[in-house]
Amino acid sequence: QKEVEQNSGPLSVPEGAIASLNCTYSDRVSQSFFWYRQYSGKSPELIMSIYSNGDKEDGRFTAQLNKASQYVSLLIRDSQPSDSATYLCAVMNYGGSQGNLIFGKGTKLSVKP
Amino acid sequence: SAVISQKPSRDICQRGTSLTIQCQVDSQVTMMFWYRQQPGQSLTLIATANQGSEATYESGFVIDKFPISRPNLTFSTLTVSNMSPEDSSIYLCSVRWAGSNTGELFFGEGSRLTVL
């Protein structure tokens with residue numbers, strides 16, 4: 001059973017701080033990793049994808065990947081109350097249904113003003 | 001940007017009835033998937049909608065309960081049959097755009113079903 005694990009939280013950070021969200025995955029052959037943001041009552045929205053070891057930055061977001069440790073993280077700098085949402089880590093399922101994504105249960109982030 | 005339209009956006013249904021959810025996209029896609037998100041849970045893949053052929057179902061999901069059609073590249077339906085309260089969930093259409101080599105999936109707005 002291929003799994004994606006996340007701390008469910010809630011993770012609470014003050015406005016302006018760095019929020020760090022972590023994810024581990026079980027399938028060692030995975031090559032493609034994604035972070036989605038889901039506001040309450042809304043559908044998931046893609047915010048970052050990462051495919052190579054190291055860091056990938058996009059605005060206030062930095063995704064980090066360590067394939068040897070089977071670990072993916074998302075850093076949100078200068079956190080804003082509007083970042084309060086559930087963040088879903090997803091891994092492409094190689095060998096599965098046409099490359100679908102396997103999702104973690106998500107980490108709920110709360111940014112306090 | 002390309003649009004993924006799902007309808008209905010929400011519905012309240014009676015036990016034992018069936019409901020069909022539609023997903024329409026306005027650009028070419030290679031893959032269409034149907035996911036379910038039960039209350040407080042993450043996304044679980046129901047099936048891959050294959051154009052012009054039977055859908056590919058994940059373990060725990062069967063065609064009789066979740067019949068899926070995909071008559072062309074840009075349209076698919078998911079039917080939730082003989083509903084029970086356990087079927088109360090958000091059902092999400094997800095696509096991979098044609099020409100994408102990144103593996104990214106994009107989601108419709110979802111269909112929130114409540115079964116009484």
Side-chain angles (χ1 to χ4, degrees), chain A residues 1-10 21 23-27 29-52 56 58 61 63 65 72 85-108, chain B residues 1-7 9-10 21 23 29-51 53-61 68 70 76 89-98 100-112 114:
Chain A
Q1 181 81 3
K2 299 174 185 176
E3 294 182 338
V4 178
E5 300 286 344
Q6 293 182 255
N7 187 327
S8 62
L21 306 164
C23 171
T24 59
Y25 58 94
S26 64
D27 189 359
V29 304
S30 297
Q31 299 291 322
S32 305
F33 308 88
F34 309 89
W35 284 99
Y36 288 81
R37 176 175 62 199
Q38 187 174 27
Y39 292 114
S40 180
K42 300 293 186 182
S43 63
E45 171 193 11
L46 179 69
I47 53 173
M48 290 284 289
S49 55
I50 187 166
Y51 309 97
S52 303
K56 179 182 179 183
D58 183 0
F61 298 97
L65 174 60
V72 193
T86 297
Y87 289 81
L88 301 170
C89 174
V91 176
M92 181 171 283
N93 181 19
Y94 287 89
S97 298
Q98 309 285 335
N100 66 292
L101 301 188
I102 301 173
F103 286 83
K105 292 186 176 181
T107 298
K108 188 171 184 178
Chain B
S1 60
V3 175
I4 307 168
S5 301
Q6 261 189 258
K7 58 181 181 181
S9 58
R10 59 178 64 234
I21 301 165
C23 178
V29 301
T30 55
M31 304 301 301
M32 295 182 85
F33 301 101
W34 286 98
Y35 281 85
R36 179 175 75 180
Q37 188 173 31
Q38 294 178 302
Q41 301 298 312
S42 190
L43 282 71
T44 301
L45 181 66
I46 298 171
T48 304
N50 300 309
Q51 188 212 348
S53 65
E54 189 172 294
T56 304
Y57 290 85
E58 296 300 297
S59 176
F61 297 96
I68 289 170
R70 187 180 171 192
S76 178
S89 292
I90 301 172
Y91 293 85
L92 292 153
C93 173
S94 177
V95 305
R96 181 167 292 132
W97 301 111
S100 167
N101 61 356
T102 60
E104 296 168 344
L105 290 186
F106 295 87
F107 288 86
E109 291 299 312
S111 299
R112 183 183 295 269
T114 301

Residue pair A:Leu101, B:Tyr35: steps toward the side-chain contact (heavy atoms from CB on, under 4.5 Å) verdict
CA-CA 10 Å; A:Leu101 301 188; B:Tyr35 281 85; 3.9 Å; yes

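Here the shortest heavy-atom pairing between A:Leu46 and B:Phe106 reads CD2-CZ, 3.9 Å. Shown here for A:Lys105 and B:Ser42, the closest heavy-atom pair between the two residues is CA-CB, 3.4 Å.
Using a 4.5 Å cut-off between heavy atoms, A:Leu88 contacts chain B through its side chain alone, with no backbone atom that close. For chain A, the nearby parts of B:Leu105 are the backbone and the side chain; heavy atoms of each come within less than 4.5 Å.
The contact list for residues 30-39 of chain A toward chain B, using heavy atoms and a distance under 4.5 Å, reads A:Phe34, A:Tyr36, A:Gln38 by residue number.
To the nearest 0.5 angstrom, B:Glu58 atom CD is 5.5 Å from A:Asn100 atom CG. In this structure, A:Ser43 OG and B:Gln37 CD are separated by 9.5 Å, a value rounded to the nearest 0.5 Å. B:Glu104 contributes atom CD, which lies 10.5 Å from atom CE of A:Met48 (distance to the nearest 0.5 angstrom). Atoms OG1 and CD1, from B:Thr102 and A:Ile50 in turn, are 13.5 Å apart once rounded to the nearest 0.5 Å.
For chain B, the option among A:Pro44, A:Gly106, A:Ser49 with the highest count of heavy-atom pairs below 4.5 Å is A:Pro44. Heavy-atom pairs under 4.5 Å with chain A were tallied for B:Gly40, B:Gly103, B:Ser59, B:Ser94; the largest tally goes to B:Gly103.
In the displayed structure, A:Lys56 atom NZ is contacted under 6.0 Å by more than 12 heavy atoms of other residues, nucleotides or ligands.
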